[in-house]
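Working notes, beginning with the structure itself.
The first residue of the sequence shown is numbered 1, and numbering continues consecutively from there. Computed from a predicted structure; not experimentally measured.
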Amino acid sequence: MVSKIITPSSIDASGTASSSTFLRGDGAWAVPSDNGKVLQVLNATSTTETVMNNNTWVDVGITLAITPSAISSKVLITANASGCGKATNNTYLELRLLKDATVLAVIEQRGGYTADTSANKVGTISTSYLDSPSTTSATTYKLQGRSGSNNAYAQVGDSNPTHTITLMEISG
């Protein structure tokens, strides 16, 4: 068997070989892209208990702001709300994810619904969402909740809750 040492200068390729480039499959030397690189990670926790007794949306204590470093960045949001469900009457919990004042997603529409007056806790409700904020200004992400009917109690946070929200800026 004959072995041969291949060096960058012996490769028929375009571009310049260096410690900051790689050889692509098409035979060109290129600088690696930063697309998909995690640029920053922020996390917050809350032990807030929020009880809602009407169908008006309210913040449930899971809020965090991030300032993206580039217009092309994406933000991956993961949020967990614990102790969720209904506390009384024939109602249910609704939860949604917002970016500033814009609704990004409704993540729960009928949490704890049982069609009767008993309490029903569904435990932790989680979501993840990939957003393209297209800004380098501070952007706030949060969860809001409400009861599905007036004068009936739904809640987020029961029995020593711990809610979390994590924001990851990913280069685009």
Side-chain angles (χ1 to χ4, degrees), residues 1-48 50 57-85 92-112 121-146 156-157 160-172:
M1 177 188 323
V2 176
S3 63
K4 182 176 180 183
I5 297 175
I6 298 174
T7 63
S9 61
S10 66
I11 297 173
D12 183 21
S14 61
T16 304
S18 73
S19 62
S20 63
T21 60
F22 72 100
L23 184 59
R24 298 186 332 196
D26 64 359
W29 291 97
V31 175
S33 168
D34 277 340
N35 287 349
K37 180 179 177 184
V38 176
L39 302 176
Q40 62 176 314
V41 178
L42 303 173
N43 184 48
T45 61
S46 170
T47 57
T48 301
T50 306
W57 291 102
V58 297
D59 294 351
V60 295
I62 308 166
T63 302
L64 187 59
I66 190 169
T67 304
S69 58
I71 295 274
S72 60
S73 291
K74 302 211 180 307
V75 175
L76 178 61
I77 305 111
T78 58
N80 301 294
S82 65
C84 297
Y92 48 87
L93 171 68
E94 292 183 286
L95 279 177
R96 65 185 186 179
L97 174 66
L98 284 84
K99 172 178 63 178
D100 297 322
T102 303
V103 176
L104 295 177
V106 174
I107 57 175
E108 181 60 63
Q109 290 182 303
R110 307 283 285 176
K121 302 300 191 274
V122 293
T124 299
I125 297 173
S126 301
T127 191
S128 58
Y129 188 91
L130 184 62
D131 186 37
S132 300
S134 301
T135 185
T136 55
S137 297
T139 304
T140 301
Y141 295 92
K142 64 183 176 181
L143 292 184
Q144 287 186 330
R146 72 178 180 181
V156 172
N160 301 313
T162 299
H163 316 300
T164 62
I165 185 167
T166 303
L167 306 177
M168 289 192 294
E169 181 187 0
I170 301 169
S171 63

side-chain contact (heavy atoms from CB on, under 4.5 Å) between Leu93 and Ile125, intermediate numbers included: CA-CA 11 Å; Leu93 171 68; Ile125 297 173; 4.2 Å; yes
Worked check of side-chain contact (heavy atoms from CB on, under 4.5 Å) between Val75 and Thr139: CA-CA 10 Å; Val75 175; Thr139 304; over 6 Å; no
Ile107 and Tyr129: CA distance, side-chain angles, deciding distance, side-chain contact (heavy atoms from CB on, under 4.5 Å) verdict: CA-CA 10 Å; Ile107 57 175; Tyr129 188 91; over 6 Å; no
Derivation and outcome, side-chain contact (heavy atoms from CB on, under 4.5 Å), residues Ile77 and Ile165: CA-CA 7 Å; Ile77 305 111; Ile165 185 167; 4.3 Å; yes
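Residues satisfying the salt bridge (charged side-chain N to carboxylate O under 4.0 Å, His left out) criterion with Lys142, sequence neighbours excluded, are Asp59.
Side-chain contact of Ser20 with Ser18: a donor-acceptor pair under 3.5 Å is present, judged by distance alone. Using modelled atom types, one finds no donor on one side chain facing an acceptor on the other under 3.5 Å when comparing Gln40 with Ser69.
Proximity of a side-chain donor or acceptor of Asp100 to a complementary backbone N or O of Thr140 within less than 3.5 Å is detected. A donor-acceptor pair under 3.5 Å is absent between the side-chain atoms of Ser73 and the main chain of Gly172, judged by distance alone.
Tested against Gln144, the residues Val103, Val156, Leu98 include a single side chain to side chain contact (heavy atoms under 4.5 Å, CB included) partner, Leu98.
With rounding to the nearest 0.5 Å, the separation of CG in Asn43 from OG1 in Thr78 is 7.5 Å.
Annotation for Ile66 and Leu42: closest pair CG1-CD1, 3.7 Å, computed over non-hydrogen atoms.
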